[in-house]
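The shown structure was predicted, so the numbers you read here are calculated from the model rather than taken from an experiment.
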Amino acid sequence: MISTLHHPTRYIWDFWYYFDPAERSFHVFYLNADPALVPEEKHHWTSRVGYATTRDFHSIQWGPDDVLTASPDRWDNSSIWTGDVVRIKNGFLMFYTSHNLETDDGKTQHIGAAYADQINAVKWQPIPDFRLRPDGINYASCGIPEDVTIHAWRDPFLFRHLGQTYMLVSAKSVRHPIKQNGVVALLRSGDGTFKNWDYLNPVAAPGYYSEMEVSQLLKNPDGGLELVFSTGPKYDSTPHN
């Protein structure tokens with residue numbers, strides 16, 4: 001039977017993790033908010049990142065629920081949304097999603113980054129001068145009037161391929177009509193330092209979805225790569241027989 005893990009005090013949803021092969025343990029990062037906000041769907045606008053560890057996802061050791069939070073003194077002055085963690089030479093980087101309440105309609109999303117010298121840090125330090133914004137050429141830079149979902153530039157997922165570092169981002173195409181404009185953006189670290197990124201054509205632009213969320217690239221048993229993503233029935237325009 002698959003176990004269900006419940007936080008003792010917080011409502012939790014999206015999560016990502018870093019696997020430590022030496023410890024054979026998963027360092028889990030998760031979105032969380034006050035459960036009282038859930039019935040009115042207000043939890044999305046106050047979410048922060050918590051930390052936990054597990055070896056098997058059947059039992060879990062909960063850590064702080066506020067290792068990364070929004071701040072009125074930064075561009076990410078609202079909530080923190082889904083991200084990813086990678087190891088670098090002198091520590092770890094967490095790429096995450098947020099938005100600025102004073103930009104456009106207050107819901108335009110950007111990608112930020114935070115640093116910690118240890119994976120189990122009590123607080124991650126946002127990097128003030130780092131913010132990845134959609135280019136406006138392939139990817140919509142702000143909300144599109146009459147679109148069926150809010151602006152999308154979120155859910156960074158990093159991977160290495162043929163010696164280079166790439167990032168997937170859930171995005172909106174400027175070339176597809178409404179209800180069919182959900183795409184998975186592809187960025188490449190131009191210098192390998194995670195500071196400068198080249199914007200490439202979408203890795204997936206099927207023209208069937210208004211959202212393609214939380215995309216990940218997985219390796220199948222045959223050694224090939226498979227892209228997985230999340231969407232909902234009302235955002236799916238795939239032709240059905």
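The salt bridge (Lys or Arg N to Asp or Glu O under 4.0 Å) search around R188 returns D198, not counting sequence neighbours. With sequence neighbours left out, D155 forms a salt bridge (Lys or Arg N to Asp or Glu O under 4.0 Å) with no residue at all. Applying the side-chain hydrogen bond (donor to acceptor under 3.5 Å, both in side chains) rule to E40 yields the partners K42; only residues at least two apart in sequence or on another chain are considered. Listed by chain and number, the residues in a salt bridge (Lys or Arg N to Asp or Glu O under 4.0 Å) with R48 are D65 (sequence neighbours excluded).
Across A36 and P39, no two heavy atoms sit closer than the pair O-CD, 3.5 Å. Of all non-hydrogen atoms in R133 and Y199, the two that sit nearest each other are O-OH, 2.6 Å. Taking both residues in full, the closest heavy atoms of T4 and H6 are given as CG2-NE2, 3.3 Å, listed atom of the first, atom of the second, then distance. Taking both residues in full, the closest heavy atoms of A205 and V183 are given as CB-CG1, 3.6 Å, listed atom of the first, atom of the second, then distance. Residues V122 and P64 approach most closely at CG1-CG, 4.5 Å, considering heavy atoms. The two atoms that bring P206 and M212 nearest to each other are CD-SD, 3.7 Å, heavy atoms only.
Judged by distance alone, with hydrogens and angles left aside, the side-chain atoms of K172 form a donor-acceptor pair with the main-chain N or O of S210 at under 3.5 Å. Side-chain N or O atoms of H27 include none that pairs as donor or acceptor with a backbone N or O of F19 at under 3.5 Å. Looking at S230, its side chain never comes within 3.5 Å of a backbone N or O of V214 through a donor-acceptor pair. The backbone N or O of R24 lies less than 3.5 Å from no partner atom in the side chain of D20, so there is not a single donor-acceptor pair. The closest donor-acceptor contact from the side chain of D222 to the backbone of G224 lies at 3.5 Å or more, if one exists at all. For D104 (side chain) and G106 (main-chain N/O), no donor-acceptor pair under 3.5 Å exists by modelled atom type. The backbone N or O of W75 lies less than 3.5 Å from a partner atom in the side chain of N100, making a donor-acceptor pair. The closest donor-acceptor contact from the side chain of D135 to the backbone of N138 lies under 3.5 Å. Side-chain atoms of S98 come within 3.5 Å of backbone atoms of S79 as a donor-acceptor pair (strictly under, hydrogens ignored). With hydrogens and angles ignored, the 3.5 Å screen pairs no side-chain donor or acceptor of W153 with any backbone N or O of T97.
Ion pair R154/E211 flagged as a salt bridge, since at least one NZ, NE, NH1 or NH2 atom sits closer than 4.0 Å to an Asp/Glu carboxylate oxygen.
Looking at heavy atoms from C-beta onward, T69 lies out of side-chain contact with V49 at the 4.5 angstrom threshold. Residues P8 and W62 are in side-chain contact: their nearest non-hydrogen atoms beyond the backbone lie under 4.5 Å apart. Put simply, the side chain of P126 does not reach to within 4.5 Å of the side chain of Y115, judged on heavy atoms. Side-chain contact between H151 and P134: present, with at least one pair of heavy atoms (C-beta onward) separated by less than 4.5 Å. Within the 4.5 Å cutoff, the side chain of L168 has heavy atoms near those of the V203 side chain. Under the 4.5 Å side-chain criterion, counting only non-hydrogen atoms from C-beta, E213 is not in contact with T82. Residues V28 and Y51 have side chains not in contact (no heavy-atom distance under 4.5 Å, counting atoms from C-beta outward). Using a 4.5 Å heavy-atom cutoff, the side chains of V169 and V184 are not in contact.
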- Message: Go through it in stages, so that I can follow the logic: the residues are R87 and L93, the test is side chain to side chain contact (heavy atoms under 4.5 Å, CB included), and I'd like the CA-CA distance, side-chain angles, deciding distance and then a yes or no.
- Response: CA-CA 6 Å; R87 186 164 198 159; L93 283 178; over 6 Å; no
- Task: Take Y30 and W13, measure what ring pair (Phe, Tyr, Trp, His ring centres under 6.0 Å) needs, and give me the verdict at the end.
- Result: CA-CA 7 Å; Y30 57 91; W13 61 108; 9.4 Å; no
- Message: Could you walk me through whether W16 and V85 satisfy the side chain to side chain contact (heavy atoms under 4.5 Å, CB included) test, starting with their C-alpha distance in whole Å, then the side-chain angles of each, then the deciding distance to 0.1 Å, before giving a yes or no?
- Response: CA-CA 8 Å; W16 57 100; V85 171; 3.7 Å; yes
- Query: Are R74 and D76 close enough, and set up right, to give a salt bridge (charged side-chain N to carboxylate O under 4.0 Å, His left out), and what steps lead you there?
  - Reply: CA-CA 5 Å; R74 302 193 307 261; D76 51 350; 2.8 Å; yes
- Where do W124 and F29 land on the ring pair (Phe, Tyr, Trp, His ring centres under 6.0 Å) test, with the steps shown first? CA-CA 12 Å; W124 289 66; F29 301 88; 5.6 Å; yes
- Given the rule in the salt bridge (charged side-chain N to carboxylate O under 4.0 Å, His left out) test, do E23 and R55 qualify, once you have shown the distances and angles that lead to the verdict? CA-CA 9 Å; E23 297 179 356; R55 291 183 180 275; over 6 Å; no
- Message: Could you walk me through whether V228 and L218 satisfy the side chain to side chain contact (heavy atoms under 4.5 Å, CB included) test, starting with their C-alpha distance in whole Å, then the side-chain angles of each, then the deciding distance to 0.1 Å, before giving a yes or no?
- Response: CA-CA 8 Å; V228 297; L218 306 177; 4.1 Å; yes
- Task: List the steps, then state whether side chain to side chain donor-acceptor pair (under 3.5 Å) holds for R131 with H110.
- Result: CA-CA 7 Å; R131 182 163 29 155; H110 296 149; 3.1 Å; yes
- Message: I'd like to know whether I178 forms a side chain to side chain contact (heavy atoms under 4.5 Å, CB included) with V148, so could you lay out the CA-CA distance, the side-chain angles of the two residues, the decisive distance to 0.1 Å, and finally the verdict.
- Response: CA-CA 7 Å; I178 289 173; V148 296; 4.2 Å; yes
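Within the structure, ring pair (Phe, Tyr, Trp, His ring centres under 6.0 Å) pairs that include any residue of residues 76-107 comprise Y18-F92, W45-W81, W45-H99, W81-H99, F95-F130 (at least two apart or interchain). Pairs engaging residues 212-237 under the ring pair (Phe, Tyr, Trp, His ring centres under 6.0 Å) rule: Y209-F229 [sequence neighbours left out].
Between the side chains of N181 and R175, no donor-acceptor pair of N or O atoms lies under 3.5 Å.
The line from CD1 of I144 to OG1 of T149 is 8.5 Å long, rounded to the nearest 0.5 Å. Interatomic distance, NE2 of H43 versus CG of D34, reported as 11.5 Å (0.5 Å rounding). One distance of note links OG of S189 with CZ of F194; it measures 6.0 Å at 0.5 Å rounding. Separating the CE atom in M167 from the OG1 atom in T165 is a distance of 9.5 Å, to the nearest 0.5 Å. Atom CG of L101 sits about 5.0 Å away from atom OG of S78, to the nearest 0.5 Å. Here the straight-line distance linking atom CG of L186 with atom CG of L200 works out to 4.5 Å at 0.5 Å rounding.
At a threshold of 4.5 Å between side-chain heavy atoms, the hydrophobic network of Ile, Leu, Val, Met, Phe, Trp and Tyr places I111 and W197 in one connected group.
Summarising the local packing, OH of Y17 is surrounded by 12 or fewer heavy atoms from other residues, nucleotides or ligands at distances under 6.0 Å. Atom CZ of F15 is surrounded by 12 or fewer heavy atoms from other residues, nucleotides or ligands within 6.0 Å.
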